[in-house]
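Just so we're clear, the structure is a prediction, and the values are computed from it rather than from any experiment.
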Amino acid sequence: MMQILVTGATGYAGRRVSRALARAGHTVLGLTRDAAAPAARDLAVDEVTPVQGDVRRPETWRGHLDGTDAVVHLLLDMSDPVGTDRLLFAELAAVQEKDGRCRHLVYTTGISSYGRTGLALMDENTPGAPDSPLGFRFALERELAATGLPHTVVRPGFLYGGPATTSMTAQWFAAAEAGEPVFYGDTAKRWSWVHVDDLADAYVRILDHPSAVDGEVFVVADDQRAAALDVQRAAVRAAGYTGEIVLKDAEAGGMLQTAADQDELVSSAKAHRLLGWRPRHVAFTDAPELYHRAWKAARPAA
């Protein structure tokens, strides 16, 4: 068993991944900017140890690397995504050079980084479109590989399940309850999805034998092929909305909607083959009412 430091541990995917790693028997340190906050206390409930630090300030978390065997990076710093991740790479490289200890980095990007490739199905070998708004994440993957740090890259599909805080489904639930659901962009586009707990299982499998997947990239998503608009319809109906969904251009929804305004269908055959990973949750549309109840139960009381 290992000691693992998780960045973004109090976030949507971060908490579920941290909990899964702890349940697998690892000692898990959950990095948080406020170790006394309710979200940090929730980590302790999951038998994860909250530790204070800000990824953008390596001096605040450098000490947590003592005795740590792996780092799981699940934080996207929207204020400076490139600079923050480069700081992380540089700090891990500097500490490794100083103490000679190899810490395996599991680095998270995402399938929206591909951009508009025009391909029916994408995998780990698919090059991203040069004009992708999130293409910098693939560039960071290449920079990480060039550092020589032991690492594995995970590219998750669109997340759903549990509290769904940063999931597209949470936006749809909230807009439906407010009576203002909007769909942005191409109404025919289709996305690959993955339940947050199935994603967490992939991280557990990677860190079972990290040296066996050093340098590998894994796309992690299920086999849903529904149009995004159909998934949204299921979500808003589950939330009790019976009216029409307003259609708007992707640009009206901001950078993330624009970045995802195309088919994003991927194959996880490599994860099946090398990790033995299989999604246990087949499709959001199989139980949208269940996922709506989970999202609603996780919201703070009014």
Would you call Asp230 and Arg233 a salt bridge, using N to O less than 4.0 angstrom?
->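 Looking at Arg233 together with Asp230, the answer is yes, because their closest N to O distance falls below 4.0 Å.
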Would you call Asp198 and Arg278 a salt bridge, taking side-chain N to carboxylate O under 4.0 Å as the test?
->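 Salt bridge: no.
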Chi angles and distances behind the salt bridge (charged side-chain N to carboxylate O under 4.0 Å, His left out) call for Arg15, Asp42 = CA-CA 9 Å; Arg15 182 172 179 189; Asp42 287 343; 3.5 Å; yes
If we count only N and O atoms by modelled type, under 3.5 Å, do the side chains of [X] and [Y] hold a donor and an acceptor together?
X: Asp85; Y: His73; result: yes
X: Asp77; Y: Ser79; result: yes
X: Gln3; Y: Thr68; result: yes

Counting distance only, does the side-chain N/O of [X] pair as donor-acceptor with the main-chain N or O of [Y] below 3.5 Å?
X: Thr84; Y: Pro81; answer: no
X: Arg33; Y: Gln52; answer: no
X: Arg103; Y: Leu92; answer: no

Exercise: identify the closest heavy-atom pair between Lys270 and Glu216 =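 Result for this residue pair: NZ-OE1, 2.6 Å.
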Of all the heavy-atom pairs spanning Pro181 and Glu244, show the shortest one and how long it is.
->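 In this case the closest contact between Pro181 and Glu244 is CG-O, 4.3 Å.
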Can you tell if the side chain of Met122 reaches within under 4.5 Å of the side chain of Ser192, non-hydrogen atoms only?
->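 Result no, sub-4.5 Å side-chain heavy-atom pair not found.
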Side-chain heavy-atom pair Leu275, Phe218 within 4.5 angstrom cut-off |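 Contact flag for Leu275/Phe218 side chains = yes.
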Using side-chain contact (heavy atoms from CB on, under 4.5 Å) as the criterion, point out the one residue from Val154, Leu31, Leu5, Val106 that pairs with Val72.
->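 Checked Val154, Leu31, Leu5, Val106 against Val72; only one passes side-chain contact (heavy atoms from CB on, under 4.5 Å): Val106.
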Test ring pair (Phe, Tyr, Trp, His ring centres under 6.0 Å) applied to Trp61 - qualifying residues, sequence neighbours left out |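 With neighbours one apart ignored, the set is empty.
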Option from Arg57, Arg56, Arg62, Arg86 for which salt bridge (Lys or Arg N to Asp or Glu O under 4.0 Å) with Glu91 holds |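 Result for salt bridge (Lys or Arg N to Asp or Glu O under 4.0 Å) with Glu91: Arg62.
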Spacing of [atom1] belonging to [X] relative to [atom2] belonging to [Y], to within rounding of 0.5 Å:
X: Leu105; Y: Phe89; atom1: CG; atom2: CZ; result: 6.5 Å
X: Leu21; Y: Asp201; atom1: CG; atom2: CG; result: 10.0 Å
X: Ser132; Y: Phe138; atom1: OG; atom2: CZ; result: 7.5 Å

Would you please indicate if the ring centroids of His292 and Phe173 are separated by under 6.0 Å?
->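 Yes, the ring of His292 comes within the 6.0 Å limit of the ring of Phe173, centre to centre.
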For Asp222 and Tyr160, run side chain to side chain contact (heavy atoms under 4.5 Å, CB included): C-alpha distance rounded to whole Å, both residues' side-chain angles, the deciding distance at 0.1 Å, then the answer.
-> CA-CA 11 Å; Asp222 59 30; Tyr160 72 95; 4.0 Å; yes
Do the numbers put Arg16 on top of the ring of Tyr203, so that NZ or CZ is under 6.0 Å from the six-membered ring centre and no more than 45° off the axis?
->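 Arg16 over Tyr203 ring: no.
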Stepwise side chain to side chain contact (heavy atoms under 4.5 Å, CB included) test for Asp261 and Tyr184 | CA-CA 8 Å; Asp261 191 34; Tyr184 295 99; over 6 Å; no
